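Take a look at the structure below.
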Amino acid sequence: MKILVVGSGAREHALAWKLARERDVSEVLCAPGNPGIAEVARCLAADPARPPDLLGLAVREQVDLTVVGPELPLSLGIVDLFSARGRPIVGPTKEAAALESSKAFAKDFMARHGVPSARFRVCDTAEAALDAIAGGEFGLPLVVKADGLAAGKGVVIAEDRATAEQAVRASMIEGRFGASGSRVVLEEFLTGQEASYFVLADGVSCMPLSSAQDHKRIFDDDRGPNTGGMGAFAPSPLLTPEVERRVLDEIVHPVLEGMAAEGRPYRGFLYVGLMLTAEGPKVIEFNVRFGDPEAQVVLPMLDEELSWLLGEAATGALPSRPARFRNEPHVGVVLAARGYPDAVETGKPISGVDTAAAVEDALVFHAGTGRRDGQLVTSGGRVLTVVGRGPTYRDAIDVAYRAASHVHFDGMQLRRDIGRKALLGSDPGDGSTQGVDTSRIRGLTP
Ligand code: GLY
């Protein structure tokens, strides 16, 4: 099987790396890829924002199956385009991708189907949003979300009314996110602990994959601005069998059934962003793709052929059993460029990647890397994800940081506390360390 991976980040490197090791895969192509991906796949220049170009490439190269990493091509209808030409592809159609590309759609949809989530109001004008804020319906803090895709920057958690009003003005009047911000969703702020849950769906049924926890803020102890993710670990100790059952019964299955009933059957990876509240798991957001950096820690744990799972998902024949995973936690640390998550410096020489990758039980996935005169250089905000695995979270953390210590580039920044929450078990928030009973977490049992 010849497989095309669309995208150029560390998530796509993890997808390509996994596929390239599989028995039934004759070749992995990646468009556009990066220097790390080029070690496991043939990279072809293409713009993921131009689905017709990707279709042309898939036809020319006689690709058997295409898998899409980022949300943008999905929201632009790449799956509709490929399907219309009979080209197998894994991912949601443009209409189904609205679960991520329109927060208003996602919230209304959840309300229609009884999926637990925060109380909300969709506002089509700035006046309506400012009135709703003045009315204090949801109290403070208040969550203000731009409706459309905003590169992870469209959500503001406003501690006070002035900040909420400013977020509305920036989105709806000043046009900070273009058309994506012309509508906003105001939401009640949920308290609890955050985790992510991933399934692969085939339009009707789904295969539960794994849980994970991301570290979204730039600095240790969850301080500073939000990023695309500075590190992740999998599985999440918070997703006990009881919680996982509730997530499947109360969220995943109603969503898939609801999408099918509304004529938008969901196919592809579904990322459920969760808040585990005192009342039970609630949805913070959906993403219509695998997470980044979660894919970098989940995919290496997968103990069966991803190419087979993707093929079954593409044809609507996916078994509904849980996927099989290796019995060892994985921890991934993102190495980012100076300035990230704002404007970054690029073109800085990177050293030590091969030494890091040679550390036993470590993997290095490329994201913002490029080549200049044969030298590996930085080319983006998140540059590399260094992953460690081991029999315990502590071992996996140690491996990841030992490997990361070999990498250097000018301005490199990383968090030093990735995975610590797994050691804190249920993260009681009081600084205490309580042991994790890993024997009860799926993916960690033999
Ligand atoms: N890790 C967050 C995301 O993939 O959007």
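Note that the coordinates shown come from a computational prediction; the quantities given were computed from them, not determined experimentally. Atoms within a ligand are numbered from 1 in the order they appear, just like the ligands themselves. In what follows, residues are counted from 1 in the order of the sequence shown.
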For atom CZ of Arg42, decide whether the heavy atoms of other residues, nucleotides or ligands shown that lie under 6.0 angstrom number more than 12. yes
Counting heavy atoms not belonging to Arg176, are there more than 12 under 6.0 Å from its CZ? no
Option from Glu242, Glu244, Glu250 for which side chain to side chain donor-acceptor pair (under 3.5 Å) with Arg246 holds: Glu250
Solution key, residues 380-389 side-chain donor-acceptor pairs under 3.5 Å, sequence neighbours excluded:
unit_1: Arg382; atom_1: NH1; unit_2: Gly228; atom_2: O; d: 3.2
unit_1: Arg382; atom_1: NH1; unit_2: Gly229; atom_2: O; d: 3.0
unit_1: Arg382; atom_1: NH1; unit_2: Asp292; atom_2: O; d: 3.1
unit_1: Thr385; atom_1: OG1; unit_2: Gln296; atom_2: NE2; d: 3.1
unit_1: Arg389; atom_1: NE; unit_2: Glu328; atom_2: OE2; d: 3.2
unit_1: Arg389; atom_1: NE; unit_2: Asp361; atom_2: OD1; d: 3.4
unit_1: Arg389; atom_1: NH2; unit_2: Asp361; atom_2: OD1; d: 3.3

Atom pairs, nitrogen or oxygen, ligand 1 to protein, under 3.5 angstrom:
unit_1: ligand 1; atom_1: 1 (N); unit_2: Asp214; atom_2: OD2; d: 2.7
unit_1: ligand 1; atom_1: 1 (N); unit_2: Gly228; atom_2: O; d: 3.4
unit_1: ligand 1; atom_1: 1 (N); unit_2: Asp292; atom_2: O; d: 3.0
unit_1: ligand 1; atom_1: 1 (N); unit_2: Glu294; atom_2: OE1; d: 2.8
unit_1: ligand 1; atom_1: 1 (N); unit_2: Glu294; atom_2: OE2; d: 3.3
unit_1: ligand 1; atom_1: 4 (O); unit_2: Arg289; atom_2: NH1; d: 2.9
unit_1: ligand 1; atom_1: 4 (O); unit_2: Asp292; atom_2: N; d: 3.0
unit_1: ligand 1; atom_1: 4 (O); unit_2: Asp292; atom_2: O; d: 3.4
unit_1: ligand 1; atom_1: 5 (O); unit_2: Arg289; atom_2: NH1; d: 3.4
unit_1: ligand 1; atom_1: 5 (O); unit_2: Arg289; atom_2: NH2; d: 2.8

Residues that Asp249 engages under salt bridge (Lys or Arg N to Asp or Glu O under 4.0 Å), provided they are two or more places apart: Arg245
Going by salt bridge (Lys or Arg N to Asp or Glu O under 4.0 Å), name the residues that satisfy it together with Glu194, two or more places apart in sequence or in a different chain. Lys216
